[in-house]
Amino acid sequence: PDYYQARRYISGFTGSAGTAVVTGTDAFVWTDGRYWVQAAAELEAPWQLMKDGAPDVPRPAAWLAENLSPGDKVGFDAWTLSIDEYKRLEEAFAAKRRQRLVLEASDDLVGSVWADEPPDSERSRPPLLAEPIFVHDVKYAGQTVTEKLAAVAETMQKAKIDRLLVSALDDVAWLLNLRGADVIYNPVFNAYCVAGKDGGATLFVNERQLTAAVREHLAAAAGCGVAIRPYTEVEAALRDPAQGELEYGYDGSQCSYRLYQALVAGPAGGATALASPIAKLKVVKNAAELEGMRACHCRDGAAMVEFLAWLEERVQSGATVTEAEASDYVAACRSRQALFVSLSFDTIAAAGAHA
């Protein structure tokens with residue numbers, strides 16, 4: 001969501017992948033080869049482009065370990081840095097023992113500056129989206145929520161964990177057969193979920209996004225229904241002493257440092273890192289999902305044929321077709337197809353020097 005585009009706000013770089021590092025005297029953006037030309041055009045002094053993946057260009061952690069002074073502190077937003085990434089930084093710093101760098105969790109420092117922008121300014125922080133959530137019909141999902149929760153519970157029992165913290169938005173959406181529009185080009189919504197080894201679950205979400213149909217859908221799941229709690233209560237729920245001693249599971253690549261700390265500092269019996277069992281279940285497509293994928297590719301193929309026929313006619317007539325016109329027209333062709341919800345990414349249309 002635009003609300004979380006802190007790197008874009010402070011640097012001006014609008015690419016979808018990159019890391020910003022700011023010191024007392026310098027500012028850098030690391031990004032891969034897809035965005036070197038774009039970043040060079042968008043970054044202005046004092047920002048410097050670090051061509052991630054190029055020879056002799058260190059990764060951010062290695063650069064920090066090499067260039068900062070002993071005792072320096074490296075701050076980060078505990079809500080957005082995963083625990084796996086935190087551990088990679090720790091390892092990089094430990095390799096340079098003479099530096100004795102310190103990782104220090106902080107509040108959203110960029111957000112505190114962003115909040116000072118005038119509300120009507122182009123640079124003001126966009127609101128966190130809260131679009132209506134909708135049910136993904138079981139005829140397309142191929143499995144009910146109850147069946148999916150039971151499958152996850154089975155993997156949890158084998159792993160000897162009592163509850164599973166689900167942080168990845170696509171995992172939450174798949175597990176509960178729900179879809180949303182909080183992230184552009186992705187049918188997901190801002191939420192966390194805690195699944196239990198008994199087949200139950202609790203969804204942490206902005207309740208204003210829940211329609212009556214979604215509430216009914218969740219109430220009918222897993223026998224006793226999926227519990228609903230406010231999105232902002234997930235940390236408190238993990239720390240709640242009333243839950244007793246429980247073993248939690250989490251995916252370190254998706255779990256934030258902040259929520260990891262809630263798990264290990266809370267009253268729970270422990271926390272076990274494991275690859276998301278939901279991700280493993282998702283990769284095995286059932287018959288309904290396979291049919292849906294085939295059908296949507298047929299529809300998209302028809303849209304592309306319509307676009308190519310239009311483009312050929314325009315070119316043969318001597319008309320000039322701009323990249324923007326091509327992008328808009330192919331999007332229009334796709335939007336006319338049955339069951340269209342949104343594009344999966346902004347159309348990449350390029351010719352000549354842009355290609």
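Atoms considered below: every heavy atom in the structure, side chains included; atoms not considered: hydrogens, waters and symmetry mates.
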Salt-bridge contact Lys158-Glu154 (side-chain N to carboxylate O under 4.0 Å)
yes
Are Lys160 and Glu247 ion-paired here, with the side-chain N under 4.0 Å from a carboxylate O?
no
How about CE on Met304, more than 12 heavy atoms from neighbouring residues, nucleotides or ligands closer than 6.0 Å, or not?
yes
Rounded to the nearest 0.5 Å, what separation is found between the CZ atom of Arg229 and the OG1 atom of Thr232?
9.5 Å
Tell me whether Phe204 shares a hydrophobic cluster with Tyr3, the cluster being built from Ile, Leu, Val, Met, Phe, Trp, Tyr side chains joined at under 4.5 Å.
yes
hydrophobic_cluster_shared for Leu81 and Trp79, side chain cutoff 4.5 Å
yes
Just wondering, are more than 12 heavy atoms of other shown residues or ligands nearer than 6.0 Å to OH in Tyr140?
no
Can any side-chain N or O of Ser69 pair as donor or acceptor with the backbone N or O of Asp72 at less than 3.5 Å?
no
Could you tell me whether the side chain of Asn286 and the main chain of Ala141 form a donor-acceptor pair under 3.5 Å?
yes
For the residue pair Gln209 and Tyr231, confirm or rule out a side-chain donor-acceptor distance under 3.5 Å.
no
Between Ser82 and Tyr260: side-chain donor-acceptor atoms closer than 3.5 Å:
no
Would you call Val205 and Asn190 a side-chain contact if the rule is heavy atoms closer than 4.5 Å?
no
Would you say Thr31's side chain and Gly18's backbone share a donor-acceptor pair under 3.5 angstrom?
no
Can you tell me if CD on Glu117 sees more than 12 non-hydrogen neighbours from other groups inside 6.0 Å?
yes
Should Lys139 and Asp137 count as an ion pair when the cut-off is N to O under 4.0 Å?
no
Note: Val226 and Leu149 closest approach over all heavy atoms is CG2-CD1, 4.3 Å
Is the closest side-chain heavy-atom distance between Tyr250 and Leu259 below 4.5 Å?
no
Closest non-hydrogen atom pair between Tyr185 and Ser342, with its separation:
CA-OG, 4.3 Å
What closest approach, in Å, do Leu175 and Cys193 show between heavy atoms, and which atom pair accounts for it?
CD2-SG, 4.1 Å
So, the side chain of Trp310 versus the backbone of Val330: is there a donor-acceptor pair under 3.5 Å, distance only?
no
Are Trp47 and Phe13, when compared by the centres of their aromatic rings, separated by less than 6.0 Å?
no
Pro126 backbone acceptor or donor facing Trp114 side chain under 3.5 Å:
no
Do you know the tightest heavy-atom contact between Leu169 and Ala191?
CD2-O, 3.5 Å
Between Trp174 and Leu210, is there a shared hydrophobic cluster once you connect ILVMFWY residues whose side-chain heavy atoms come closer than 4.5 Å?
yes
Supply the atom-to-atom distance Met293 CE to Cys298 SG, rounded to the nearest 0.5 angstrom.
12.0 Å
Work out which heavy atom in Leu274 is nearest to a heavy atom in Ala159; give both atom names and the distance.
CD1-CB, 4.4 Å
Are Asp346 and Ile184 close enough that some pair of their side-chain heavy atoms sits under 4.5 Å apart?
no
Test your reading of the model: is there a side-chain donor-acceptor pair from Arg59 to the backbone of Asp52, 3.5 Å cut-off?
no
Distance col, row Glu323:CD vs Asp328:CG, nearest 0.5 angstrom, shows 12.0 Å
Which label fits Phe76 and Tyr257: parallel for a plane angle under 30°, tilted from 30 to 60°, or perpendicular past 60°?
perpendicular
Answer yes or no: is there a side-chain heavy-atom contact under 4.5 Å between Met156 and Asp162?
no
Nearest 0.5 Å, please: how far is SG in Cys255 from OH in Tyr192?
8.5 Å
Roughly how far apart are Thr14 OG1 and Glu42 CD, rounded to 0.5 Å?
3.5 Å
Hey, are the side chains of Arg123 and Tyr9 touching, using non-hydrogen atoms and a 4.5 Å cut-off?
yes
What residue among Arg334, Arg294, Arg336 forms salt bridge (charged side-chain N to carboxylate O under 4.0 Å, His left out) with Asp300?
Arg334
Should the pair Asp171-Lys282 be classified as a salt bridge under the 4.0 Å nitrogen-to-oxygen rule?
yes
Ile278, Val188, Leu203 screened by side-chain contact (heavy atoms from CB on, under 4.5 Å) with Val172, the one that passes
Leu203
I'd like to know if the side chain of Asn177 and the backbone of Gln143 have a donor-acceptor N/O pair within less than 3.5 Å.
yes
Treat each ILVMFWY residue as a node, draw an edge where side-chain heavy atoms are under 4.5 Å apart, and state whether Phe189 and Leu128 are in one component.
no
Taking the side chain from Arg125 and the backbone from Ala6, do they hold a donor-acceptor pair closer than 3.5 Å?
no
May I ask you to test the Phe93-Leu68 pair for a side-chain heavy-atom distance under 4.5 Å?
no
Reported CG-to-CD distance for the pair Asp170 and Gln254, which is rounded to 0.5 angstrom
7.0 Å
Would you say that more than 12 heavy atoms from the other residues, nucleotides or ligands in this model lie under 6.0 Å from the NZ of Lys285, or not?
yes
Donor-acceptor contact present, side-chain His217 to main-chain Ala213, <3.5 Å
no
Using a 3.5 Å distance criterion without hydrogens, assess whether the side chain of Arg314 forms a donor-acceptor pair with backbone atoms of Val321.
no
I'd like to check Leu103 versus Tyr86 (side-chain heavy atoms, cut-off strictly below 4.5 Å). Are they in contact?
yes
Consider only side-chain heavy atoms of I, L, V, M, F, W and Y, link residues closer than 4.5 Å, and tell whether Leu43 and Tyr35 are in one cluster.
yes
May I ask you to say whether Arg88 pairs ionically with Glu85, meaning some side-chain N is under 4.0 Å from a carboxylate O?
yes
Are any of the side-chain heavy atoms of Arg215 and Ile228 separated by less than 4.5 Å?
yes
Which atom of Ala20 lies closest to which atom of Arg7, heavy atoms considered
CB-CG, 3.7 Å
